[in-house]
Amino acid sequence: MPIPWRKLYFVFVALALFFIGAALDNTVIDLLIMLFFAGYALFKPKNSLLILFTYFPIRPFLLEFNPALKGIGDIIIFALLFRVLLMYRKDLKKLFQFYWFEYAFFGFLIVGAVSAYFTGVSLTAIIFQIRGFLLFYLVFYIARRLHITKEDINKFILTTLIMTFLICIHGMVEKLSLRGVFLPQSWQDMPLSATNRIRIYGMTGNPNVLAYYLSFSIVIIMYFRNRFTGKWLWLTYISLACLFGVWSLTYSRGTWIAFALALAIYVVVARKWNFLKPLLISLAAGVVLIAVPVSIGTSIVENTDFGKEKKEKQSQYDDSEGSFKDRLGSTIDKETREQSSQSGRIWIVSKGFEIYLDHPIIGTGFATFGDGATLSYDSPIYDDYGIEREFFSDNQYIQIITQTGAVGVILFAIFLLNMLYHIWKKRNETLLGPVLFAVLLAAYAAGMVYNIWEGDSFTIFYFAMLGYLLNMRPEHEYDL
């Protein structure tokens, strides 16, 4: 790949600062790190945009050591937004050029906020949830208005490779050490059932989030693989094998299905088959050379004194022996269905529709039902509906239906469908069009089992790539 590694200095500096901040947990150092990233974003906006791809995938890991680091992503994004405003100060019209899906998105946020206000949600909780939706839209807004070059794309690919190797190696160590090495103590002590304990959670702190982060990494490496030649080509296949090995050990059924769906859609839309052979070979290599040996190694470790001690401590949460068969079998067995209807996904959907029928027009508002804000702030409606626990809805649609009613559903549908329309229009101009078309349709399906539009590991990739696809291609006179 025609780019020297020294041009990626900012990636290694950023990672060093992240880990220094996590290790020291010092207020003065935290402030200096924040100021550094804010200043760097103003002078090197495109490099700073790439730093976001180093920060958000490992953000949960960092925050377990030092919660003060949670503002790094926000400060970079808002500094980038300020830089874009400066770049276009002589052409303000382009700052307000929006697609219909953007207007619908703004309307959706307004409905959710207004409804929440009248339901009695605190202003802090409303802002918290708006931030969860809005922050990565801003990545799209910024990426669409930056002058993206071939070198920037090469940096993006290599940044993805660096982070993927880091996260995959850490995940394998996590698996082999029975969650006993290089993890925050709170994660080591996290109660997990046997069927979940076999999964790799990684630095994302969630196997499903890790799975769709790695899915995007696979898409990026496969899409740009033609840029690799010679020794770089081997790096591509080694990366893919490593990716698929860890990806398979997440046992993320929903992500596997969404990935297969996206793959099928891409083949139909792009009418290209040549990538399937290297993809399937990489998948097989990942399972045979990574997943199977790591699983065998884990079994060996479990039989050591260390492993027996760890397993005895963790077995108090076991409801079965825990295996790949148990993990897949639990999808459809009677016990799982009964549990889901009483406290799981089926219960969440039925409870959501119960609330919706009482508030059908604009719902109950943000921070009231199964979103990120309800995990940090009390919902004013839970007592009224006999909800006695905090939960994540794990279904984007029931959350939107309940919180924003019919008006919000219509606006969110416009947001989703108008994006699809504009991506479809680009399908013959660049291969990225069919790729994002397939990704978005797969995201529609994933929304039934994940709060996908609140997941930063998905939205940062998706919105950045969408911004590149719909880029305004600003001329150099907009640069400072």
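Scope of the values below: all heavy atoms of this structure, side chains included, with no hydrogens, waters or symmetry mates. Small disclaimer: the values here were computed from a predicted structure and weren't measured.
Taking the six-membered ring for Trp and thresholds of 30 and 60 degrees, Phe53 and Phe156 have ring planes more than 60 degrees apart, a perpendicular arrangement. The aromatic rings of Phe415 and Phe463 lie tilted to each other, with the angle between the two planes from 30° to 60°. Ring geometry for Phe391 versus Phe369: interplanar angle over 60°, hence perpendicular rather than tilted (30 to 60°). Ring geometry for Phe140 against Tyr99 counts as tilted: the plane angle lies between 30° and 60°, on a 0 to 90° scale.
Judged purely by atom type and a 3.5 angstrom limit, Tyr201 has no side-chain atom pairing as donor or acceptor with the backbone of Arg179. Thr430 contributes no side-chain N or O that, together with a main-chain N or O of Gly433, makes up a donor-acceptor pair within less than 3.5 Å. Put simply, the side chain of Tyr444 gets close to the backbone of Leu416: a donor and an acceptor are under 3.5 Å apart. Formation of a donor-acceptor pair under 3.5 Å by the Lys46 side chain with backbone atoms of Ala143 is not found in this model. Between the Tyr213 side chain and the Thr204 main chain, no donor and acceptor come within less than 3.5 Å of each other. Checked by atom type and distance alone, the side chain of His359 never pairs as donor or acceptor with a backbone atom of Thr402 at under 3.5 Å.
Taking all atoms of both residues into account, the shortest heavy-atom contact from Pro207 to Ser252 is O-CB, 4.2 Å.
Under the ring pair (Phe, Tyr, Trp, His ring centres under 6.0 Å) rule, Trp453 has a single partner from Phe458, Tyr397, Phe133, which is Phe458. Thr374 pairs with exactly one of Tyr382, Phe128, Phe392 by the side-chain contact (heavy atoms from CB on, under 4.5 Å) rule, that one being Tyr382. Screening Phe366, Phe412, Tyr356 for a side-chain contact (heavy atoms from CB on, under 4.5 Å) with Thr404, the sole residue that qualifies is Phe366.
The cationic group of Arg144 does not satisfy the cation-pi geometry with Tyr141, failing either the under 6.0 Å distance to the six-membered ring centre or the 45° limit from the ring axis.
Of the N and O atoms on the side chains of Tyr385 and Asp358, at least one donor lies less than 3.5 Å from an acceptor on the other residue. For Asn395 and Gln399, the side-chain atoms include no donor-acceptor pair closer than 3.5 Å. No side-chain N or O of Asn208 forms a donor-acceptor pair with one of Thr250 less than 3.5 Å apart. One side chain, Ser186 or Glu64, offers a donor N or O that lies under 3.5 Å from an acceptor on the other. Looking at Asp371 and Asn451, their side chains never bring a donor and an acceptor atom within 3.5 Å of each other. Side-chain polar atoms of Thr119 and Thr368 form no donor-acceptor pair below 3.5 angstrom.
Residues meeting the ring-ring contact (aromatic ring centres under 6.0 Å, His included) test with Phe259, sequence neighbours left out: Trp247.
Shown here is Phe98, whose CZ atom has more than 12 heavy atoms of other residues, nucleotides or ligands within 6.0 Å. Around CD of Glu388, the count of heavy atoms belonging to other residues, nucleotides or ligands within 6.0 Å does not exceed 12. Heavy atoms of other residues, nucleotides or ligands lying less than 6.0 angstrom from CZ of Phe19 number more than 12.
At a threshold of 4.5 Å between non-hydrogen side-chain atoms, the residues Val139 and Phe136 count as touching. Side-chain contact between Tyr137 and Thr459: absent, with no pair of heavy atoms (C-beta onward) separated by less than 4.5 Å.
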Between Thr195 and Ser193, does a side chain to side chain donor-acceptor pair (under 3.5 Å) hold up when you go through it step by step? CA-CA 5 Å; Thr195 53; Ser193 66; 3.2 Å; yes

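Sorted by first and then second residue, the salt bridge (charged side-chain N to carboxylate O under 4.0 Å, His left out) pairs with a member in residues 408-434 read Lys426-Glu429; sequence neighbours excluded.
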